[in-house]
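Right, one structure below, let's go through it.
Positions are given from 1, in the same order as the sequence printed here.
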Amino acid sequence: MRVDHLDVPQHLRAVPLFSGLSEPGRQNVARGCKLHRFSRGDMVFRAGEACEAFHFVVSGQVRLYVASPTGVEKVIELVGPGHSFAEAMMFLSKPYMLNAQTLTDTLIMTVSKQAVFNELERDPRFSMHMLSGISHWLHRLLLDVEGYALHSGMQRLIGYLLRDVELESDEDFGVVTVSFPVSKAIIASRLSLTPEYFSRVLHQLESENLIEIDKREVRILDVRRLASYGTI
């Protein structure tokens, strides 16, 4: 994909924050957008840098993480295609509070703070979409805090495996395949687990004939039994 030929207004339509904008509004915001191609391992931004934009992943994968002075890292979120990040920080008028690093070759659309603010002044209804996006981010954060505080490590891992399964449905799920988009160590950090514990629980679930592991793929053999196993 050639960056200079990408239709920016078209991609803005795919960003939930901009889905309700008029075509002129999208064109206005598009003028404040830039496309950046990153190689695997590149830093999109670092904690402490000025936050003058938020970012939308067109293709690839980004990890958001914090790091201690001793170098210990904690993954806060994994961001894939179709998702944005740093919207809330953009409104704080403070530097970035975490780091963003690509996990694969990644194409990112950066939306300038000034372009967003200009459109908010022009069309106050746009603020509802921004509030909705930030509220969704806050909701995910609260679910994470709840998981860390109330759920065991095994429950968090099973919840991750079943994150895209509608358990309330009456359908017969059959075998469900889950692909890890990044390394197991990164996913373990995202779930606040050590890599060793993460692997141990996976193999325990495999020994119970609940899953089959094939490198970065996990085949869930019995969705409902796996879900109930997490409550034991």
Side-chain angles (χ1 to χ4, degrees), residues 11 14-19 36 38-68 71-92 94-111 113 116 129-153 155-165 178-195 197-198 201 216 218:
H11 277 276
V15 182
L17 294 177
F18 302 125
S19 61
H36 303 273
F38 295 88
S39 298
R40 177 182 179 181
D42 286 348
M43 298 300 297
V44 181
F45 57 75
R46 301 178 188 272
E49 293 179 352
C51 179
E52 297 296 337
F54 79 95
H55 313 272
F56 175 77
V57 179
V58 178
S59 63
Q61 193 88 20
V62 174
R63 69 166 181 148
L64 307 181
Y65 71 95
V66 293
S68 72
V72 177
E73 296 179 355
K74 168 67 177 76
V75 176
I76 303 299
E77 191 166 5
L78 300 173
V79 187
H83 296 278
S84 55
F85 58 98
E87 304 98 312
M89 287 182 279
M90 183 180 65
F91 286 95
L92 294 176
K94 292 182 179 180
Y96 289 114
M97 296 177 288
L98 40 71
N99 307 282
Q101 183 181 36
T102 59
L103 296 171
T104 63
D105 291 347
T106 301
L107 181 63
I108 289 177
M109 181 169 65
T110 296
V111 186
K113 175 180 178 179
V116 171
H129 292 278
M130 297 300 300
L131 285 171
S132 176
I134 293 171
S135 296
H136 277 97
W137 177 82
L138 178 60
H139 183 248
R140 291 198 306 271
L141 181 62
L142 290 174
L143 289 177
D144 283 346
V145 172
E146 179 187 39
Y148 302 147
L150 302 178
H151 299 159
S152 68
Q155 288 173 325
R156 296 200 296 275
L157 196 157
I158 290 175
Y160 177 83
L161 293 175
L162 297 175
R163 66 194 185 280
D164 294 325
V165 177
V178 176
S179 298
F180 292 150
V182 293
S183 71
K184 294 176 183 177
I186 290 174
I187 295 173
S189 177
R190 174 68 181 84
L191 299 175
S192 289
L193 305 174
T194 65
Y197 182 83
F198 184 90
V201 171
R216 283 196 179 184
V218 173

Smallest separation among heavy atoms of [X] and [Y], with atom names:
| X | Y | result |
| --- | --- | --- |
| Tyr65 | Met43 | OH-CE, 3.6 Å |
| Phe85 | Ala100 | CE1-CB, 4.0 Å |
| Pro81 | Ser59 | CG-CA, 4.1 Å |

Keeping the roles fixed (side chain from [X], backbone from [Y]), state whether a donor-acceptor pair exists under 3.5 Å.
| X | Y | answer |
| --- | --- | --- |
| Ser39 | Asp105 | no |
| Asn99 | Val66 | no |
| Lys113 | Phe54 | no |
| Thr106 | Thr104 | yes |
| Arg163 | Tyr160 | yes |

Residue pair [X] / [Y], side-chain heavy-atom distance below 4.5 Å:
| X | Y | result |
| --- | --- | --- |
| Val75 | Leu64 | no |
| His36 | Thr110 | yes |
| Pro95 | Glu49 | no |
| Lys184 | Pro195 | no |
| Phe198 | Leu157 | yes |
| Ser179 | Arg216 | no |
| Gln101 | Val44 | no |
| Phe180 | Leu161 | yes |

Evaluate the side-chain contact (heavy atoms from CB on, under 4.5 Å) criterion for residues Met89 and Leu98: first the C-alpha distance (whole Å), next the side-chain angles of each, then the deciding distance (0.1 Å), finally the verdict.
-> CA-CA 10 Å; Met89 287 182 279; Leu98 40 71; 3.8 Å; yes
With Thr102, which residues qualify under side chain to side chain donor-acceptor pair (under 3.5 Å), at least two apart?
-> none
Check the pair Leu78, Leu103 against side-chain contact (heavy atoms from CB on, under 4.5 Å), reporting the backbone distance first and the verdict last.
-> CA-CA 9 Å; Leu78 300 173; Leu103 296 171; 4.0 Å; yes
By salt bridge (Lys or Arg N to Asp or Glu O under 4.0 Å) - contacts of Glu73 (at least two apart) = Arg63
Would His55 and Phe45 satisfy ring-ring contact (aromatic ring centres under 6.0 Å, His included), going step by step from the backbone distance to the final call?
-> CA-CA 10 Å; His55 313 272; Phe45 57 75; 5.3 Å; yes
Under the side-chain contact (heavy atoms from CB on, under 4.5 Å) criterion, do Lys94 and Cys51 qualify, and how do the steps go?
-> CA-CA 7 Å; Lys94 292 182 179 180; Cys51 179; over 6 Å; no
Could you give me the CA-CA distance, side-chain angles and deciding distance for Met109 and Val58, then say whether side-chain contact (heavy atoms from CB on, under 4.5 Å) is met?
-> CA-CA 7 Å; Met109 181 169 65; Val58 178; 4.2 Å; yes
